[in-house]
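Naming: A, B, ... by sequence-line order, numbering from 1 per chain.
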Number of protein chains: 2
Amino acid sequence: MQSNVLPPDAGHEPGNGEQMLPANGEQLNGEQLNGEHVNGGHAIGIPEATIARLPVYLRALYGLAERGVSTVASEELAAAAGVNSAKLRKDLSHLGSYGIRGVGYDVDYLVYQVSRRLGLTQDWPVLIVGAGNLGRALANYGGFVSRGFRISAMLDSDPAIVGSRIAKLTVQHVDELEAVVARHKVAIGVIATPAGTAQAVCDRLVSAGVTSVLNFAPLVLSVPEGVDVRKVDLSIELQILAFHAQRRSVGARAVNGHLAQAAEA
Amino acid sequence: MQSNVLPPDAGHEPGNGEQMLPANGEQLNGEQLNGEHVNGGHAIGIPEATIARLPVYLRALYGLAERGVSTVASEELAAAAGVNSAKLRKDLSHLGSYGIRGVGYDVDYLVYQVSRRLGLTQDWPVLIVGAGNLGRALANYGGFVSRGFRISAMLDSDPAIVGSRIAKLTVQHVDELEAVVARHKVAIGVIATPAGTAQAVCDRLVSAGVTSVLNFAPLVLSVPEGVDVRKVDLSIELQILAFHAQRRSVGARAVNGHLAQAAEA
DNA sequence: CCGACTTTGTGAATCTGTGCACAAAGGCGT
DNA sequence: ACGCCTTTGTGCACAGATTCACAAAGTCGG
């Protein structure tokens, strides 16, 4: 399976342009009809759904690379990522044409391409606000510390926590927020505080110049235009599980039913 | 705004049937062409996208209820949940017709209906495996402990952690897994272990009879048919943020375009 | 050097989700 | 009591995502 048929450096890369618009024949006229969201322009060149899956592929690719696999076919990679192989290929095609027909994809090369497109070939300085259990978990979570992100600092307001060391960092007081953002040129702020203080922290992050915020607190933050907020709710998936579990136990047969099409009354 | 115009107990509820198939005229014949996923049948009656938003609405509703709001219009609730109001109304319409035209929705009543449909009117016994920072964070996370879920036990393999108390629970050794599942009739297993041991833990959960698994470990679990696995990757959203941030800094001018939309002042 | 075989990349068809816009419903003021 | 005004519920059209299925491209054995 690892026949190593690829040229050592995969000569397909122009090496200069980097941008290299996709070689596919699509017209990608999406320019004028882009999906303006609240925050500002979202994906123009690459579908949002694809972007959301690229990290999954990346993770799968790292796993393969660690196991010494050098080449992978879309079928295998798709299985490792838990998606349909056609979807995988279409997703990757948005990045360019980096596969070799009859062979597959070079793992290292694809890691590089996906990383580059996600913007992970540079290091993003990340600030974590809230050094409770969640903040500590994040600081140690593989993928937060790994390639592409560097935790610049962790802040907390609790004097009992300030000064303690977490993942090689000393927790600083939240009063330092503005100074830390400026000093480390923080690009992404992570809010891991209780819900009560999240909006205030967010406001401070924004006025300090942070334009990307990852929110773990269970509330919807309001931010000015131009700031990109994403929310992770640890319990949403749990609730979705509950729904499906319930439906399995209740609805096994009840739901069915030919309830007539009754086009309209 | 809180004119309290509703009958105290919203006499619209039949009170018995509970199931009460949606009053809308849609044919919802989706039976034979449902979106079979890997895990098994997913939503048949309610779109998956809607299900994923119900927890968000629920959270917003709780927030309103705490602030003493008794009635809310779709516009307000949508704003609180961060979605479009038409989408909110359409989502809620899948549950039944629980609004009052000209007035809005009764907050408490809607909380009940959404909870019921999500399966949160019963208590789900949840087992958390892995009592590291993430496990501890989960045990304390509002929404995990709140209405609908009860943490039956926390397990870990580290002797230094076993025996410690977290959120009123004593951490037990992971060897107890099967016994705990049986004793508490655990329905949902949460995997908060390192990636290395996640698959083994998952296998044990499944053979102990757990059919719903929430996975926080950064790998794709493989499970037999009939088991529902959902995955939360704490770093995916971070990577998506990085993508957008990069696109903003790179494409600053490329996107340009006569930003004349200025919909309203 | 050629032909068989593998696997990519993508058109085309289908399915799912979104949002506008409006008729129907129902409370409220006079 | 009646009409006005607000807000729901939803038909419809469009936009986006998924999947199939296959031609094009490139490898590898003989």
Side-chain angles (χ1 to χ4, degrees), chain A residues 1 3-7 11-12 22-30 32-38 42-44 46-53 71-78 83-106 110 263-265, chain B residues 1 3-7 11-12 22-30 32-38 42-44 46-53 71-78 83-106 110 263:
Chain A
M1 193 88 43
S3 44
N4 199 3
V5 291
L6 297 183
H12 306 72
N24 57 12
E26 275 183 17
Q27 63 276 44
L28 61 96
N29 53 2
Q32 70 280 20
L33 42 78
N34 63 355
E36 269 290 309
H37 282 196
V38 168
H42 265 200
I44 289 183
I46 303 183
E48 199 59 27
T50 294
I51 296 298
R53 281 187 297 266
T71 297
V72 67
S74 64
E75 201 71 49
E76 287 172 87
L77 181 54
V83 302
N84 175 296
S85 72
K87 179 152 55 179
L88 172 84
R89 288 198 299 277
K90 185 153 287 188
D91 283 342
L92 293 183
S93 77
H94 288 292
L95 308 188
S97 189
Y98 298 131
I100 299 178
R101 295 161 124 105
V103 177
Y105 300 89
D106 179 82
L110 198 52
E264 51 245 75
Chain B
M1 199 67 80
S3 45
N4 198 3
V5 290
L6 296 182
H12 308 73
N24 57 12
E26 276 183 18
Q27 62 273 44
L28 60 97
N29 54 1
Q32 68 280 19
L33 41 79
N34 63 355
E36 270 289 309
H37 280 196
V38 168
H42 267 199
I44 289 182
I46 302 183
E48 199 60 28
T50 294
I51 296 298
R53 281 187 296 265
T71 296
V72 68
S74 64
E75 201 70 50
E76 287 173 87
L77 182 53
V83 303
N84 173 296
S85 72
K87 180 152 54 178
L88 172 83
R89 289 197 299 278
K90 187 157 287 187
D91 282 343
L92 293 183
S93 77
H94 289 292
L95 308 187
S97 189
Y98 298 130
I100 299 178
R101 290 161 193 252
V103 177
Y105 300 88
D106 180 82
L110 198 51

Atom CD of E48(B) and atom P of dT18(D) are separated, to the nearest Å, by 13 Å
In whole Å, I'd like the distance from the CG atom of L88(A) to the P atom of dT8(C).
8 Å
Taking the side chain as every heavy atom from C-beta outward, state whether R89(B) and Y105(B) have any atom pair closer than 4.5 Å.
yes
Can you tell me the distance, in whole Å, between the NZ atom of K87(B) and the C1' atom of dT10(D)?
16 Å
When you measure from the side-chain N and O atoms of R89(B) to the phosphate of dT18(C), is any distance below 4.0 Å, counting only OP1 and OP2?
no
For dG9(D), does OP1 or OP2 lie under 4.0 Å from any side-chain N or O of Y105(B)?
yes
If you define the side chain from C-beta out and look only at heavy atoms, does anything of I46(B) sit under 4.5 Å from L95(B)?
yes
Are N84(A) and dA17(D) close enough that a side-chain N or O sits under 4.0 Å from OP1 or OP2?
no
In whole angstrom, give the distance that lies between atom CD1 of I51(A) and atom C1' of dA17(D).
14 Å
So what does A73(B) hit on the nucleic acid, given a heavy-atom distance under 4.0 Å: a base, only sugar-phosphate, or nothing?
sugar-phosphate
Closest-nucleotide mapping onto DNA chain C: is D91(B) or L92(A) further toward the 5' terminus? I mean the 5' end.
L92(A)
Could you state the CD1-C1' distance from I100(A) to dC28(D), rounded to the nearest angstrom?
14 Å
Does any non-hydrogen side-chain atom of D91(B) lie less than 4.5 Å from one of V83(B)?
no
If you compare every side-chain N and O of R53(B) against the phosphate oxygens of dT18(C) (OP1, OP2), does one of them come in below 4.0 Å?
yes
Nearest heavy-atom neighbours spanning S85(A) and A78(A)
CA-CB, 3.5 Å
Within this structure, what is the CZ-to-P distance between R101(A) and dA4(C), rounded to whole angstrom?
20 Å
Would you mind reporting whether L110(A) and L77(A) have side-chain heavy atoms less than 4.5 Å apart?
yes
Quick one: L110(A) CG to dT8(C) C1', roughly how many Å, whole number?
13 Å
Side-chain atoms of A86(B) come closest, of dG9(D), dT27(D), dA21(C), to dA21(C)
I want to check one thing: is the phosphate of dT7(D), taken as OP1 and OP2, less than 4.0 Å away from some side-chain N or O of S74(B)?
no
Take the protein atom CG of D106(A) and the nucleotide atom C1' of dT27(D), then report the distance between them rounded to whole Å.
15 Å
Short side-chain N/O contact to dT10(C) OP1/OP2 from K90(A), under 4.0 Å
no
